[in-house]
There are 2 protein chains.
Amino acid sequence: MRVTQQEIARIANVSQATVSRVLAGDVRVEPEKRTAVLDAMKRSNYRPDVRAQALRRKRTCLIGLVLKRSDGGIKDDPFFASLISELARVLKPSKYHLCLDIARDSSDQSSVYDELLRSRRVDGLVLVEPEADDRRLIRLQEDRFPFVVIGNPRGRALHSFDNDNVLAARMATMHLLDNGFRRVGMLAGPTGVTVSDDRVLGYRMAMSERGFSDQVWHSDFGFEAACTTAESLLNDSNLEGLVCMDDFMATGVTRAARHLGISIPGDLAMVSFNDSNLCNLIDGGLTSVNMNHETMIREAVSKLIGLIESTERSEPSRMVIPCELKVRGSSMRKVGGGLL
Amino acid sequence: MRVTQQEIARIANVSQATVSRVLAGDVRVEPEKRTAVLDAMKRSNYRPDVRAQALRRKRTCLIGLVLKRSDGGIKDDPFFASLISELARVLKPSKYHLCLDIARDSSDQSSVYDELLRSRRVDGLVLVEPEADDRRLIRLQEDRFPFVVIGNPRGRALHSFDNDNVLAARMATMHLLDNGFRRVGMLAGPTGVTVSDDRVLGYRMAMSERGFSDQVWHSDFGFEAACTTAESLLNDSNLEGLVCMDDFMATGVTRAARHLGISIPGDLAMVSFNDSNLCNLIDGGLTSVNMNHETMIREAVSKLIGLIESTERSEPSRMVIPCELKVRGSSMRKVGGGLL
DNA sequence: CTGAAAGCGCTAACAC
DNA sequence: GTGTTAGCGCTTTCAG
């Protein structure tokens, strides 16, 4: 059997409660005994049992992240990779750990939530890109369960961390328009997903401000879907510029374009979102909007831990993280017949 | 307070022990009472508390994965993304969950192990690419802690799941040689990392079998490092072909090559490993060895769960997952001045 | 078949 | 200061 506080107490000739006190850093312990206890702990290589602690303290020190993506979809999406990696990194210096689950669809996701939080497996939840009609949020709030949302709260009062996607898309679109491209279209994600809807909005704002008509195509997330949609999109229209939902989908567009003999830039200018490493893999680089995910996640985690550890209900806060356009080759201006 | 078995027992007019039995699917419970209990559970939306279960059963149903990579390094590496995503997916139908931690370096990693398993936070561990001199393995075995290794066990008796990297590299190299390339070099990962050492070995085998001399460059993992090393590599030699450590690094090579005005294929043929989606992002496609990671992870998890759930110590098993070469444009044969 | 009772390892009053 | 005690919510003998 593993060594317990009981065991340490026996060795150090104190009560088990004293061992617990030493562990908790209680000041009211005689230095001699404290030393004896610490010594016994070291000698027996003692470690408190987190399961017992969890039961007693009602805290598992686990943060849950539930990703919803159809089969294998998260595998190659740099947004998720970056999200997970950053989350784990931010959590590292804290005492919390990351519990990662995957759900296939919304109903599946709900049941994962149930398993995770009704069974009290995690202390709090990080929600990503909640869909507009999401019922989860209401349940979570009713249960007074600590959670933060990464993405647009859609007017609901909760703790959210988000970019201004409308603004970001407007900025990206304006950049293309400023560079002299006129027939600028947009390849968006599925309707109903907030991040996509917002970017569509921003794109439309920019286009109408400048008096151009807009044209939006919707596609599922991911490389393959974007590639397929892009093929027909490029065939049916003669766009000069394209605002693409994210870098990962942009690589799909790149592939479709290459397949059709359309060169980017030159025949088609493109801007995208996320500023991931994929931007460097495309010839000449892909102009992309950096969403500052690192900052966003750091802030979100810090708030979540605050929620978990304080009993008081803090006022819902919405934090908007600024974006920054990273200009690369894909959005270069046409000058004469060549590129600038 | 949350609803407990006590509560359910009161409602259903049975003892708390009976509630527990119903939950455990114990057959020796009178149908009437069972119904009453199930009814009460449903009505009160009862869920067992996993913390209490964990303490009692001595099982948290958490599988630990500790990734070691320097700052942000895992973010864009498709191998890790694929590993995490596949792991989560394989775990999903089981009752186990994934606990993900990140470590900066080896010593850090050891302390993470301590926190994870001595404190009994997880039931078992998935180890990835253990370095040859790794002391962790010995500790884990001494503690009789359930774990599986993904990567080469280096002759140690443990449960491992691995590709034959020597064979894979030999196959990849032979493919280039068969296509008529002669001055074939290799861009490897850091020395001491088994997966890299093995691939170097396979490459050297192929070269010497055909009577060619070999030339190996070492670089850190990741895009940037590969890119830097590739620049000097391409400057200092006049290679016809390159065997690259993995797809992610291959994208770094691609970038360096483009920068130097070297076209792939044409001036330089390339083969790589992992067959990730990155292969499709490179002009004409990147020839790569598919390591069947999905299968590997599925098998590894299934073994790990077996180890956790059975007390008997099973014989160390080594499972070698077959690889498959996916030929794409980057390794095309030179015919006359053009490509075939 | 079922209830009573003994813990799992730890925390936190509550006494002394 | 320190020990005693009472649980956290659950599983599992052990009697009946």
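Residue numbering restarts at 1 for every chain, and letters A, B, ... go by the order of the sequence lines.
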Compute the bend angle of the helix from C:dC1-D:dG16 to C:dC16-D:dG1 from the end axes (five pairs per end), rounded to 10°.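 It comes to 50° between the two terminal axes.
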Rounded interatomic separation in angstrom, taking [atom1] from [X] and [atom2] from [N]:
X       : N     : atom1 : atom2 : value
B:Asp49 : C:dC8 : CG    : P     : 19 Å
A:Glu30 : D:dG1 : CD    : C1'   : 7 Å
B:Arg10 : D:dG9 : CZ    : C1'   : 16 Å
B:Asp26 : C:dG3 : CG    : C1'   : 14 Å

Donor-acceptor contacts under 3.5 Å from residues 295-303 of chain A side chains, at least two apart:
none

All pairs passing salt bridge (charged side-chain N to carboxylate O under 4.0 Å, His left out) where residues 144-153 of chain A contributes a residue, at least two apart: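 Sorted result for residues 144-153 of chain A: empty, none.
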May I ask you to evaluate whether [X] reaches the phosphate of [N], defined as a side-chain N or O under 4.0 Å from OP1 or OP2?
X       : N     : value
A:Thr18 : D:dT2 : no
A:Lys58 : D:dG7 : no
B:Thr4  : D:dG9 : no

Side chain to side chain donor-acceptor pair (under 3.5 Å) with A:His293: which residues, sequence neighbours excluded?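 A:His293 satisfies side chain to side chain donor-acceptor pair (under 3.5 Å) with no other residue.
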The criterion is side-chain contact (heavy atoms from CB on, under 4.5 Å); which residues satisfy it with A:Asp123, sequence neighbours excluded?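 In terms of side-chain contact (heavy atoms from CB on, under 4.5 Å), with neighbours along the sequence ignored, A:Asp123 is linked to A:Arg59, A:Thr60, A:Cys61, A:Tyr96, A:Ile308.
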Upstream residue (5' side of DNA chain C) when B:Asn13 and A:Gln6 are each assigned their closest nucleotide: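 Nearest-nucleotide comparison on DNA chain C picks B:Asn13.
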For DNA chain C, whose closest nucleotide is more 5', that of B:Val27 or that of B:Leu55?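 Nearest nucleotide further toward 5': that of B:Val27.
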What pairs of donor and acceptor atoms, side-chain ones from residues 29-40 of chain A against any protein atom, are under 3.5 angstrom apart with sequence neighbours left out?
unit_1	atom_1	unit_2	atom_2	d
A:Arg34	NH2	A:Asp26	O	2.9
A:Thr35	OG1	A:Pro31	O	2.6
A:Asp39	OD2	A:Arg43	NH2	2.2

Of all the heavy-atom pairs spanning A:Pro190 and A:Phe221, show the shortest one and how long it is.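 Heavy-atom minimum between the residues: CD-CE1, 3.4 Å.
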One thing to verify: whether B:Arg89 and B:Glu86 come together as a salt bridge, which I'm taking to mean a side-chain N less than 4.0 angstrom from a carboxylate O.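 Answer for the salt bridge query: yes.
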Can you check each nucleotide of nucleotides 11-16 of chain D against protein heavy atoms at under 4.0 Å and return B for base, S for sugar-phosphate only, - for none, in 5' to 3' order? BBB---
Suppose we screen for salt bridge (charged side-chain N to carboxylate O under 4.0 Å, His left out). Which residues come up paired with B:Lys95, at least two apart in sequence or across chains?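 Expected list: B:Glu309.
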Considering residues at least two apart in sequence or located in another chain, which fulfil the salt bridge (charged side-chain N to carboxylate O under 4.0 Å, His left out) criterion with A:Arg57?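 Counting only residues at least two positions away or on another chain, A:Arg57 forms no salt bridge (charged side-chain N to carboxylate O under 4.0 Å, His left out).
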